[in-house]
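Here is the naming used below: chain letters follow the sequence lines, and residue numbers restart at 1 for every chain. Computed from heavy atoms alone, side chains included, the values below leave out hydrogens, waters and symmetry copies.
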Protein chains: 2
Amino acid sequence: MENNSIKKGRGRPSKFDPAASLETAMRLFWAHGYEGTSMADLTAAMGINKPSLYATFGSKESLFEKALEKYVSGPIAFVAAALNEPTAYRVVEKLLLESAEFLTAANSPHSCMVNMGALSCSKESEQIKNMLISRRQAFETALTARMQQAHDEGELEAGTNPATLAKYVATVHQGMSIQATSGASQESLLEVARTVLAHWPGKRAN
Amino acid sequence: MENNSIKKGRGRPSKFDPAASLETAMRLFWAHGYEGTSMADLTAAMGINKPSLYATFGSKESLFEKALEKYVSGPIAFVAAALNEPTAYRVVEKLLLESAEFLTAANSPHSCMVNMGALSCSKESEQIKNMLISRRQAFETALTARMQQAHDEGELEAGTNPATLAKYVATVHQGMSIQATSGASQESLLEVARTVLAHWPGKRAN
DNA sequence: TTATTTATTTACCAATCGGTAAATAAATAA
DNA sequence: TTATTTATTTACCGATTGGTAAATAAATAA
């Protein structure tokens, strides 16, 4: 598609592509977080003026929300998809190995928008912070359910607590985000992931 | 000491205690990070005016630096101290169990200033971000050396890479900070720590 | 008492924050 | 051509950012 001329609207045509602008916003928020990215940064990167941005996306908060939605269903869609792997081991394998690659990919911020978008922030941004906390908790809840299922199917060693196992994996996953932001190499993060897998308390494959 | 009247100086006496103000700054930065804490927040919490703060601490950056120094040598002194434990297992045991308690202690921010002080921030604060990255890397380097020593002393299973093991532990440690900020309970973080210890690749005690 | 020293308070600085009113430009409908 | 619709640009809003100049208050030294 060249431009967003659907139905060749009535008034003056848009000069910019909202989808491309949202992509730009996603990458800026991804790299610098909510408070670390200003509306001026955003409009400058998009090549548009502030009124255009506000007319299309409403506010900084709603722009972040839409950028987050795009991020979750795009770059890190593999995270939710990992839950569909046939065994608990495979779930964690896919989650951690692909995360190691994702977090250190060339041409992408070495960061995770969900984990780092608003960790420590001013009181004014607590709503955004809580929104990201909810996202992380929702994933951990889903991961717990997946571990519970594996437990019920006899995949895990006796005495393994599914909720603890899920929180342990989520903790490593979040720690890997900090490692990537701090400059850790892809190979070193892959080795961290392999360390988790090497001590896996249950069946390895299926 | 009642006040900072050393040598009962010449001019008008100070109305505030710089040590107490630094404590206040440490706790605010600890809770809200570098960019999440404004100079106005700081002076309000200290009960003083901005010129007094600038006269005593120079700039926001240098105040953060001094607050960080106090934080490292005070609340989280146990982290460096853990390296002195007699075995690698004990080192990690102390590090992770005490961190779980520290990160969820009552009357303290459920956060870690070194890990979260400036994770994703604007370009203007990159110097602070890099300062914290250096702190984390210095600890990981020391932890690697400690694991190497344990390896040389035959404590670790054959095939265990000391650097990988140290990065794995550091990753879990950093992940626990995000968990705590997100509301994880003390018991759940202790269980994460115990999960790491339960799969420890080497001798358990000494 | 007077001068000097130091720390205070008050008032302000330019720059930036998120956000918007008003004017203008470019399209279609009549 | 003229009216209407929509998106643009320009210019601005009050609040806040980190930081400071100038005036004032409280102590000691002379």
(request) Could you list by number each residue of residues 23-58 of chain A showing a heavy-atom separation from DNA chain C of less than 4.0 Å, or answer none if no residue does? (result) T37(A), S38(A), M39(A), A40(A), K50(A), P51(A), Y54(A)
(request) Return the value, rounded to whole Å, for the distance between atom CG of D17(A) and atom P of dA7(D). (result) 14 Å
(message) Run the salt bridge (charged side-chain N to carboxylate O under 4.0 Å, His left out) test against E61(A) and tell me which residues pass, sequence neighbours left out.
(response) none
(request) Figure out the CD/C1' separation between E124(B) and dT16(D), and round it to whole Å. (result) 15 Å
Pick out the pairs of N or O atoms, protein on one side and nucleotides 2-5 of chain D on the other, that lie under 3.5 Å.
none

(request) Return each pair, listed once, that meets salt bridge (charged side-chain N to carboxylate O under 4.0 Å, His left out) where at least one residue sits in residues 43-53 of chain A; pairs must be two or more places apart or across chains. (result) none
Just list the side-chain donor-acceptor pairs under 3.5 Å for residues 66-80 of chain A, sequence neighbours left out, or say none.
| residue | atom | partner | partner atom | Å |
| --- | --- | --- | --- | --- |
| E69(A) | OE1 | R135(A) | NH2 | 2.8 |
| Y71(A) | OH | M113(A) | N | 3.2 |
| S73(A) | OG | E69(A) | O | 3.0 |

(request) Using the test salt bridge (charged side-chain N to carboxylate O under 4.0 Å, His left out), find all partners of R12(B) that sit at least two apart in sequence or belong to another chain. (result) none
(message) Please convert DNA chain C into dot-bracket. A pair counts if it is Watson-Crick or G-U wobble with both distances under 3.5 Å; crossing pairs go in [ ] and bases paired with another strand get |.
(response) ||||||||||||||||||||||||||||||
(message) By the salt bridge (charged side-chain N to carboxylate O under 4.0 Å, His left out) test, which pairs, at least two apart or in different chains, include something from residues 114-132 of chain B?
(response) none
(request) Name all residues meeting the salt bridge (charged side-chain N to carboxylate O under 4.0 Å, His left out) criterion together with E187(B); count only those two or more places apart in sequence or in a different chain, and write none if there are none. (result) R194(B)
(request) Mind checking salt bridge (charged side-chain N to carboxylate O under 4.0 Å, His left out) for E65(A) and listing every partner two or more places apart, or none if nothing turns up? (result) none
(message) Closest-nucleotide mapping onto DNA chain D: is P13(A) or P13(B) further toward the 5' terminus? I mean the 5' end.
(response) P13(A)
(message) If the condition is side-chain contact (heavy atoms from CB on, under 4.5 Å), which residues does E93(A) pass it with, not counting sequence neighbours?
(response) Y89(A), R90(A), L97(A), L197(A)
(request) Look at the aromatic rings of Y34(B) and F64(B) and report parallel, tilted or perpendicular, splitting at 30° and 60°. (result) perpendicular
(request) Hey, could you give me each pair passing side-chain hydrogen bond (donor to acceptor under 3.5 Å, both in side chains) that has a residue in residues 160-174 of chain B? Not counting sequence neighbours. (result) Y168(A)-Y168(B), Q179(A)-K167(B), Q179(A)-Q174(B), E191(A)-T164(B), S99(B)-H173(B), E140(B)-K167(B)
(request) Report yes if a side-chain nitrogen or oxygen of K15(A) is closer than 4.0 Å to either non-bridging phosphate oxygen (OP1 or OP2) of dT9(D); otherwise report no. (result) yes
